[in-house]
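Given the structure is predicted, the values throughout are model-derived calculations rather than measurements. Proteins get letters first, then strands, A, B, ... in listed order; numbering begins at 1 in each.
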Number of protein chains: 2
Amino acid sequence: MPIDVEKAMSAPLKPIEFEYNFKDVILYALGIGAGVPPTDKDQLGFTYESGLKVLPTYGVVPPFAALAGVMGHPGLDFNPMMLLHGEQFLEIRKTPIPVKGKLVNKPSIQAIYDKGKGALVLLDCLTETADGEALFFNTFSLFLRGEGGFGGESGPKAENEAPDRDPDETIEMKTLPQQALLYRLSGDLNPLHADPNFAAMGGFEKPILHGLCTFGHVGRAVLQAYCANDPGKFKSIKVRFAGSVYPGETIITQMWRENDDTILLKAKVAERGIDVITNAAVKLNV
Amino acid sequence: MPIDVEKAMSAPLKPIEFEYNFKDVILYALGIGAGVPPTDKDQLGFTYESGLKVLPTYGVVPPFAALAGVMGHPGLDFNPMMLLHGEQFLEIRKTPIPVKGKLVNKPSIQAIYDKGKGALVLLDCLTETADGEALFFNTFSLFLRGEGGFGGESGPKAENEAPDRDPDETIEMKTLPQQALLYRLSGDLNPLHADPNFAAMGGFEKPILHGLCTFGHVGRAVLQAYCANDPGKFKSIKVRFAGSVYPGETIITQMWRENDDTILLKAKVAERGIDVITNAAVKLNV
């Protein structure tokens with residue numbers, strides 16, 4: 001079934017409520033490798049309820065369920081096994097992020113591009129507090145393999161290329177063999193990240209780490225290198241998912257200060273040398 | 001204030017409801033180190049919702065909140081900072097353990113002994129399913145330092161001494177530096193296990209692992225060595241807490257087959273050579 005852009009863009013997506021507390025915040029932090037001294041220089045800051053801070057990248061968790069709304073959406077008839085998470089943008093619109101609350105996620109389709117080999121769906125989601133204040137804004141870029149060629153626009157080119165010089169900062173984080181099993185308790189229960197049979201169906205030799213778990217690791221690296229672990233200094237992050245991490249591997253985040261409020265970054269897997277995050281930037285509140 | 005045995009024994013304790021689902025079961029399993037290949041030969045058995053099995057030692061989690069009922073109980077006026085968890089007995093009364101449910105915990109005080117240096121309170125707790133079927137039976141042995149000398153009976157002697165020969169089976173499990181931070185999400189939020197200031201007040205150089213987290217590790221060791229990771233073969237476990245594990249240390253469980261249905265065991269910390277679990281036995285369903 002071809003993509004029907006007009007139909008997909010005009011059909012509304014339902015708001016989705018989300019409730020969380022400090023245990024969810026801590027579980028997420030442990031899921032993306034926080035709480036491990038000496039690498040984590042603020043071990044308890046994100047993992048203990050007294051004085052608890054919320055990691056900025058937690059902002060992708062509340063709207064995650066909105067992704068399910070794309071399955072079966074009018075004009076977007078596709079095979080879920082062919083969906084790839086291409087890019088992620090997250091902006092924190094209110095700080096400090098509360099350690100508990102009831103939130104409302106308001107998803108909408110921003111654009112659908114024709115990439116030839118596939119269709120690229122940009123799903124926006126505004127997450128508001130119960131008082132109607134904007135808290136997070138996300139754009140999930142979803143690549144639907146095999147659904148291109150419907151005659152749409154090709155969309156913007158890649159941005160945030162890493163500079164051709166040595167990084168200013170480099171942080172290594174070794175993941176746990178059980179990292180994906182832990183991360184999935186924060187809401188993404190896709191069996192691709194646990195079950196060898198599903199991993200094989202997806203074309204992987206074994207279960208892979210969630211892209212958004214890798215995303216959380218690189219977010220922590222920037223937070224530590226440029227924000228002194230103060231989430232209030234972290235404004236937004238955008239990344240491209242270029243490759244997969246196997247649980248247990250080491251994520252190396254390389255960072256370049258581009259200017260006062262912009263850090264460019266990329267990440268690779270130490271054990272295999274492949275890039276896993278590219279075309280990435282963090283904006284700081286300065 | 002001295003212990004008043006008659007008053008304490010005659011005052012009732014309230015039933016406590018407990019609800020859980022597969023995520024709680026998996027979180028507990030990860031909290032006691034399951035899901036780590038190759039040590040865990042059944043990595044997904046206890047950590048993935050498809051075909052999920054419940055670790056027998058999960059049986060201490062539902063009644064845990066009943067412990068709080070001992071604080072302020074009539075006849076038991078003591079300083080909570082002086083309370084030590086001395087021993088634990090757990091029997092699984094129904095198998096398989098459901099992966100979700102609503103349970104009712106019915107606590108009662110079995111006995112109070114005068115140990116000279118302290119009072120020993122045996123808190124029983126029967127945990128039933130919503131249908132009124134017995135699921136778990138626990139006895140928490142609570143040692144109240146400084147509350148002895150009230151003229152009570154001294155109670156039974158220690159049992160389950162480890163044999164004076166080489167163990168039949170030995171299993172090493174390395175804990176994570178963040179193990180206590182993860183385990184506490186299963187319900188025991190005592191800051192002693194996270195906060196260096198509380199640890200210092202308790203007389204420890206840094207936060208210690210929960211005794212029941214160590215308990216979970218040794219339970220897994222027996223389950224693997226003698227039950228082929230089949231929880232249905234695991235009937236009961238009794239341990240004495242002899243010392244503390246620091247998160248990140250390695251727990252070595254030594255096991256002896258005493259007879260067809262009894263495994264004797266003890267556990268020590270590899271890095272410091274001290275015993276942490278002694279006078280311990282697991283009964284098997286044969």
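For a residue to count as touching a neighbouring chain, one of its non-hydrogen atoms must lie under 4.5 Å from one of that chain's; by this rule A:P191 touches chain B with backbone and side chain alike. With a 4.5 Å cut-off on non-hydrogen atoms, A:L30 touches chain B through its side chain but not through its backbone.
When all heavy atoms are compared, the tightest approach of B:P196 to A:L44 is CD-CD1, 3.6 Å. What you find for A:L181 and B:Q43 is that their closest heavy atoms are CD1-NE2, 3.6 Å.
The shortest distance between side-chain heavy atoms of B:V36 and A:L176 does not fall below 4.5 Å. No side-chain heavy atom of B:K23 sits under 4.5 Å from any side-chain heavy atom of A:L27.
In this structure, CG on B:L182 lies 10.5 Å from OG1 on A:T47, to the nearest 0.5 angstrom. Here the CG-CG distance, from B:L185 to A:L185, works out to 10.0 Å after rounding to the nearest 0.5 Å.
Residue B:K174 places its NZ atom among more than 12 non-hydrogen atoms of other residues, nucleotides or ligands, all under 6.0 Å distant. More than 12 heavy atoms of other residues, nucleotides or ligands sit less than 6.0 Å from atom NZ of A:K53. For B:E17, the CD atom is loosely surrounded, since the number of other residues' heavy atoms within 6.0 Å does not exceed 12.
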